[in-house]
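Here's the structure we're looking at; comments come further down.
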Protein chains: 2
Amino acid sequence: MTKKEALLKAAEDKVRLGGYNNFSFREIANEVGIKSASVHYHFPTKADLGAELAHQYTNAFLSALGDVDDIKANNQNPIDVYTQLFRNALLTDNKMCLCGLLGAQNESLPDKVRLEVKRFFDLNLAWLEQAHVANGESEPSHAAILTVSLLEGAMMISKALNDHSYFKLATK
Amino acid sequence: MTKKEALLKAAEDKVRLGGYNNFSFREIANEVGIKSASVHYHFPTKADLGAELAHQYTNAFLSALGDVDDIKANNQNPIDVYTQLFRNALLTDNKMCLCGLLGAQNESLPDKVRLEVKRFFDLNLAWLEQAHVANGESEPSHAAILTVSLLEGAMMISKALNDHSYFKLATK
DNA sequence: TTCAATGTATCTATCAGTAGATAGTTATAT
DNA sequence: ATATAACTATCTACTGATAGATACATTGAA
């Protein structure tokens with residue numbers, strides 16, 4: 001893992017626990033073993049780091065989701081696959097969805113970060129809509145909103161109560 | 001409105017837009033017209049302010065909800081009343097639910113704030129469970145979790161996309 | 001093949017601004 | 001007189017950011 005990748009990972013952990021202001025250049029630099037000034041070499045500003053973080057998070061998420069048609073061809077329900085990915089994000093990492101937390105604090109974010117958060121949800125809704133179409137739902141775009149809302153909300157409440165059984169109950 | 005009330009209001013606006021770190025004693029003092037040091041007279045520490053803020057927010061929320069039995073006696077659906085209160089919080093104030101945002105960044109909060117956020121959701125789930133019982137639902141506690149998850153999630157996504165029509169769609 | 005030029009990744013040192021917090025003082029109102 | 005609610009002044013710690021230096025690797029031309 002390059003230093004740049006390590007910086008993004010360190011920042012991701014902190015943001016997913018406490019939001020955009022929950023990490024500083026000094027903190028992540030210390031964790032990685034360089035000086036805070038050197039972080040600016042990789043990311044000119046904090047907003048640049050935040051935007052790249054959200055962008056890569058989105059890409060990794062969609063890549064993990066895979067293709068709706070492939071899932072169907074495999075006799076799986078894409079909505080179950082989607083739910084499972086959220087479940088892993090919470091249960092394995094014990095952390096919020098990066099873009100969920102950032103989205104909630106949208107108005108305090110730098111523009112370029114806000115844009116990447118929007119991209120996350122636009123792409124998620126598009127994927128879910130396609131999934132609901134493939135499932136033969138009558139109102140796929142409506143169903144897509146319900147799906148992602150329920151998952152993000154259940155995640156938030158599980159974190160707030162520090163009890164993952166709420167997420168499990170909401171998604172069973 | 002006393003200075004103390006004004007300080008809480010100023011802090012609430014900022015927290016609901018960007019989370020716990022999105023306000024400083026200096027900022028809210030300026031808005032209210034006193035010095036930042038004087039804020040410590042009303043709230044010894046920032047954590048005290050945050051905890052009192054969440055506590056009063058919870059009380060106001062529950063008070064606005066009213067009594068489940070009264071709502072039923074009035075031939076209204078308590079779940080509709082609950083949904084409407086969330087809708088107003090988003091559409092009228094154009095802001096997130098205070099405890100939703102704080103809950104998402106739970107792990108980075110001072111203990112006493114975390115406790116108040118937990119209280120918000122515990123009381124909300126209890127109210128919703130009672131409401132679903134009154135509606136004759138077979139699994140009231142399960143339904144309560146689904147209800148609050150969907151609303152918090154829809155709120156979060158509407159903020160992330162800066163488009164309230166997502167919330168409307170999710171709650172129609 | 002050598003050597004100058006360039007690029008990469010880091011460093012030290014420093015800056016102005018802001019954070020929450022404290023001590024001690026003052027004005028006002030009961 | 002006492003309690004309330006503000007003040008001034010100051011502290012330490014931390015914020016993101018910048019300038020300028022260093023070491024090292026890569027590259028391209030004479």
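Note: hydrogens, waters and symmetry copies are ignored here, and every other heavy atom, side chains too, is used. Letters go in sequence order (proteins before strands), and every chain restarts at 1.
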Between the protein and nucleotides 18-24 of chain C, which nitrogen or oxygen pairs come in under 3.5 angstrom?
unit_1, atom_1, unit_2, atom_2, d
C:dA19, OP1, B:Ser24, OG, 3.0
C:dA19, OP2, B:Ser24, OG, 3.3
C:dA19, N7, B:Arg26, NH1, 3.3
C:dG20, OP1, B:Lys46, NZ, 2.9
C:dG20, OP2, B:Phe25, N, 3.0
C:dG20, N7, B:Arg26, NH1, 3.0
C:dG20, O6, B:Arg26, NH2, 3.0
C:dA21, OP2, B:Lys46, N, 2.9
C:dA21, N7, B:His40, NE2, 3.2

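- Side-chain contact between B:Leu101 and B:Met156: absent, with no pair of heavy atoms (C-beta onward) separated by less than 4.5 Å.
- For the pair B:Lys3 and B:Tyr41, the NZ or CZ position fails the cation-pi test of under 6.0 Å to the six-membered ring centre and within 45 degrees of the ring normal.
- Here the side chains of B:Arg87 and B:Lys168 are in contact, with some heavy-atom distance below 4.5 Å.
- Rounded to whole angstrom, the span from the OH atom of B:Tyr41 across to the C1' atom of C:dT28 amounts to 12 Å.
- Within the 4.5 Å cutoff, no side-chain heavy atoms of A:Phe61 are placed close to those of A:Trp127.
- Computed from coordinates, the A:Asn30 CG to D:dC14 P distance equals 11 Å when rounded to whole Å.
- Between the C1' atom of D:dT15 and the NZ atom of A:Lys35 lies a distance of 17 Å, rounded to the nearest Å.
- Between B:Ile34 and B:Leu7 the shortest side-chain heavy-atom distance falls below 4.5 Å.
- Atom-to-atom, CG of A:Leu7 to C1' of C:dT10 comes out at 12 Å; the value is rounded to the nearest Å.
- Side-chain atoms of A:Asn124 and A:Phe120, non-hydrogen and from C-beta on, do get closer than 4.5 Å to each other.
- Between B:Leu8 and B:Gln56 the shortest side-chain heavy-atom distance falls below 4.5 Å.
- Side-chain contact between A:Phe25 and A:Leu49 is present, with at least one heavy-atom pair separated by less than 4.5 Å.
- Taken residue by residue, residues 101-115 of chain B places no heavy atom nearer than 4.0 Å to DNA chain D.
- The interatomic distance linking A:Ile34 (CD1) with C:dA9 (P) rounds to 11 Å, in whole Å.
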